[in-house]
Amino acid sequence: MHSHEVMREVLKTTSAKQIAGDMGLSLSLIYKWAEPGEAESGSASSPLDRVGQLIRSTHDTRIAQWVCEQADGFYIRNPHNLPPTATLIPATNDIVQEFADMLATIARASADNAITPEEAKTIRRRWEELKSVTESFVKSAESGTFGPPKTEQV
(Lines give C-alpha, C1' and ligand atoms only; values in the text may rest on other atoms or scores of the structure.)
Protein backbone atom coordinates (compact mmCIF):
# COMPACT_ATOMS: atom_id res chain seq x y z
CA MET A 1 0.00 0.00 0.00
CA HIS A 2 1.34 3.46 -0.87
CA SER A 3 1.68 6.15 1.78
CA HIS A 4 -1.06 8.29 0.26
CA GLU A 5 -3.42 5.30 0.35
CA VAL A 6 -2.63 4.78 4.03
CA MET A 7 -3.37 8.44 4.71
CA ARG A 8 -6.60 8.26 2.71
CA GLU A 9 -7.71 5.34 4.89
CA VAL A 10 -6.67 7.15 8.07
CA LEU A 11 -8.71 10.20 7.05
CA LYS A 12 -11.81 8.02 6.86
CA THR A 13 -11.64 7.52 10.62
CA THR A 14 -9.75 10.57 11.88
CA SER A 15 -10.54 14.19 11.07
CA ALA A 16 -7.96 15.98 8.94
CA LYS A 17 -8.78 19.08 10.96
CA GLN A 18 -7.90 17.27 14.20
CA ILE A 19 -4.60 16.01 12.75
CA ALA A 20 -3.71 19.48 11.47
CA GLY A 21 -4.52 21.03 14.83
CA ASP A 22 -2.65 18.39 16.84
CA MET A 23 0.43 18.73 14.63
CA GLY A 24 0.30 22.49 14.12
CA LEU A 25 0.08 22.08 10.33
CA SER A 26 -2.22 23.38 7.65
CA LEU A 27 -5.31 21.42 6.70
CA SER A 28 -4.24 21.53 3.04
CA LEU A 29 -0.94 19.82 3.89
CA ILE A 30 -2.76 16.97 5.63
CA TYR A 31 -4.98 16.51 2.56
CA LYS A 32 -1.91 16.66 0.31
CA TRP A 33 -0.48 13.66 2.14
CA ALA A 34 -3.53 11.67 0.97
CA GLU A 35 -2.77 12.41 -2.71
CA PRO A 36 -0.37 10.47 -4.93
CA GLY A 37 3.12 11.98 -4.84
CA GLU A 38 5.69 12.65 -7.50
CA ALA A 39 7.21 9.18 -7.85
CA GLU A 40 9.68 10.24 -10.54
CA SER A 41 11.21 13.09 -8.55
CA GLY A 42 12.30 10.88 -5.65
CA SER A 43 11.16 13.55 -3.21
CA ALA A 44 9.08 12.59 -0.22
CA SER A 45 5.84 14.51 0.04
CA SER A 46 4.61 12.97 3.29
CA PRO A 47 6.12 12.00 6.61
CA LEU A 48 5.39 8.36 5.80
CA ASP A 49 7.44 8.63 2.61
CA ARG A 50 10.25 10.31 4.53
CA VAL A 51 10.34 7.53 7.12
CA GLY A 52 10.51 4.99 4.29
CA GLN A 53 13.36 6.93 2.67
CA LEU A 54 15.19 7.14 5.97
CA ILE A 55 14.97 3.38 6.50
CA ARG A 56 16.09 2.64 2.92
CA SER A 57 18.95 5.14 3.25
CA THR A 58 20.27 3.91 6.60
CA HIS A 59 19.25 0.23 6.37
CA ASP A 60 18.63 0.60 10.11
CA THR A 61 15.52 -1.14 11.42
CA ARG A 62 15.69 0.77 14.73
CA ILE A 63 13.74 3.48 12.92
CA ALA A 64 10.93 1.03 12.13
CA GLN A 65 11.13 -0.25 15.70
CA TRP A 66 10.71 3.29 17.03
CA VAL A 67 7.67 3.88 14.78
CA CYS A 68 6.13 0.61 15.97
CA GLU A 69 6.71 1.59 19.59
CA GLN A 70 4.78 4.83 18.96
CA ALA A 71 1.78 2.62 18.13
CA ASP A 72 2.40 0.42 21.20
CA GLY A 73 3.76 -2.34 19.00
CA PHE A 74 6.99 -4.08 18.15
CA TYR A 75 8.79 -4.44 14.82
CA ILE A 76 9.85 -7.84 13.55
CA ARG A 77 11.45 -8.36 10.16
CA ASN A 78 9.63 -10.71 7.80
CA PRO A 79 11.52 -13.99 7.60
CA HIS A 80 12.49 -15.72 4.40
CA ASN A 81 10.17 -18.48 3.32
CA LEU A 82 11.36 -21.99 3.94
CA PRO A 83 12.49 -23.74 0.76
CA PRO A 84 9.73 -25.52 -1.17
CA THR A 85 11.42 -28.80 -0.26
CA ALA A 86 11.06 -28.19 3.51
CA THR A 87 9.30 -30.95 5.36
CA LEU A 88 6.66 -30.43 8.01
CA ILE A 89 8.05 -32.41 10.96
CA PRO A 90 11.54 -30.79 11.02
CA ALA A 91 9.99 -27.32 10.60
CA THR A 92 7.62 -28.04 13.50
CA ASN A 93 10.52 -29.33 15.58
CA ASP A 94 12.40 -26.05 14.93
CA ILE A 95 9.53 -24.09 16.50
CA VAL A 96 9.37 -26.43 19.51
CA GLN A 97 13.16 -26.14 19.99
CA GLU A 98 13.06 -22.33 19.75
CA PHE A 99 10.26 -22.28 22.33
CA ALA A 100 12.22 -24.58 24.63
CA ASP A 101 15.30 -22.37 24.24
CA MET A 102 13.27 -19.29 25.12
CA LEU A 103 11.84 -20.98 28.23
CA ALA A 104 15.34 -22.07 29.27
CA THR A 105 16.56 -18.49 28.88
CA ILE A 106 13.71 -17.26 31.07
CA ALA A 107 14.37 -19.98 33.67
CA ARG A 108 18.08 -19.10 33.87
CA ALA A 109 17.33 -15.38 34.15
CA SER A 110 14.73 -15.84 36.87
CA ALA A 111 16.64 -18.43 38.93
CA ASP A 112 17.70 -15.73 41.42
CA ASN A 113 14.17 -14.29 41.54
CA ALA A 114 15.23 -11.15 39.64
CA ILE A 115 15.83 -10.25 36.00
CA THR A 116 18.64 -7.83 35.18
CA PRO A 117 18.49 -5.45 32.20
CA GLU A 118 21.04 -7.64 30.38
CA GLU A 119 18.96 -10.75 31.04
CA ALA A 120 15.89 -8.91 29.77
CA LYS A 121 17.77 -8.13 26.53
CA THR A 122 18.67 -11.81 26.17
CA ILE A 123 15.04 -12.80 26.71
CA ARG A 124 13.96 -10.25 24.09
CA ARG A 125 16.46 -11.67 21.56
CA ARG A 126 15.21 -15.24 22.14
CA TRP A 127 11.60 -14.05 21.86
CA GLU A 128 12.33 -12.32 18.55
CA GLU A 129 14.01 -15.48 17.23
CA LEU A 130 11.00 -17.58 18.26
CA LYS A 131 8.61 -15.15 16.54
CA SER A 132 10.75 -15.17 13.40
CA VAL A 133 10.93 -18.98 13.18
CA THR A 134 7.19 -19.24 13.82
CA GLU A 135 6.37 -16.57 11.22
CA SER A 136 8.56 -18.38 8.70
CA PHE A 137 6.60 -21.57 9.40
CA VAL A 138 3.24 -19.81 9.05
CA LYS A 139 4.24 -18.06 5.80
CA SER A 140 5.50 -21.35 4.39
CA ALA A 141 2.27 -23.09 5.39
CA GLU A 142 0.23 -20.33 3.74
CA SER A 143 2.26 -20.60 0.54
CA GLY A 144 1.63 -24.35 0.30
CA THR A 145 5.13 -25.54 1.23
CA PHE A 146 3.69 -28.23 3.49
CA GLY A 147 1.11 -29.58 1.04
CA PRO A 148 0.39 -33.27 0.75
CA PRO A 149 3.39 -35.33 -0.36
CA LYS A 150 3.64 -35.60 -4.11
CA THR A 151 3.35 -39.17 -5.41
CA GLU A 152 5.71 -40.23 -8.15
CA GLN A 153 4.11 -40.98 -11.49
CA VAL A 154 5.20 -44.35 -12.87
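Along the sequence shown, the residues carry numbers beginning at 1. Only this structure's heavy atoms are used, side chains among them; waters, hydrogens and symmetry mates stay out.
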From Ser140 OG over to Phe146 CZ, what is the distance, rounded to the nearest 0.5 angstrom?
5.0 Å
Keeping the roles fixed (side chain from Thr87, backbone from Ile89), state whether a donor-acceptor pair exists under 3.5 Å.
no
Taking C-beta and beyond as the side chain, do Phe74 and Arg124 meet within less than 4.5 Å on heavy atoms?
yes
Judged by modelled atom types alone, do Gln97 and Asp101 share a side-chain donor-acceptor pair under 3.5 Å?
yes
Nearest heavy atoms of Gly73 and Gln65, plus distance in Å:
O-NE2, 4.3 Å
Hey, is the main chain of Ala64 close enough, under 3.5 Å, to the side chain of Thr61 for a donor-acceptor pair?
no
Beyond-backbone contact of Thr105 with Trp127, side-chain heavy atoms, under 4.5 angstrom:
no
Between Thr14 (side chain only) and Leu11 (backbone N and O only), is there a donor and an acceptor less than 3.5 Å apart?
no
Option from Arg126, Arg125, Lys131 for which side-chain hydrogen bond (donor to acceptor under 3.5 Å, both in side chains) with Glu128 holds:
Lys131
Could you tell me the separation between the CG atom of Asp49 and the NE2 atom of His2, rounded to the nearest 0.5 Å?
10.0 Å
Does a side-chain N-to-carboxylate-O contact under 4.0 Å join Lys32 and Glu35?
no
Rounded to the nearest 0.5 Å, the CD1 atom of Ile30 sits from the OG atom of Ser15 at a distance of 10.0 Å
Under 3.5 Å, is there a donor-acceptor pair between the side chain of Ser57 and the main chain of Gln53?
no
About how many Å separate CE of Met23 and CG of Leu29, when rounded to the nearest 0.5 Å?
8.0 Å
Please check if Ile115 and Leu130 belong to a single hydrophobic cluster, counting links between Ile, Leu, Val, Met, Phe, Trp and Tyr side chain heavy atoms closer than 4.5 Å.
yes
To the nearest 0.5 Å, atom CD1 of Ile55 lies from atom OH of Tyr75 at 7.5 Å
Evaluate the side-chain proximity of His4 to Met7: yes if any heavy-atom separation is below 4.5 Å, no if none is.
no
Quick check for you: to the nearest 0.5 Å, what is the distance between Met102 atom CE and Glu129 atom CD?
12.0 Å
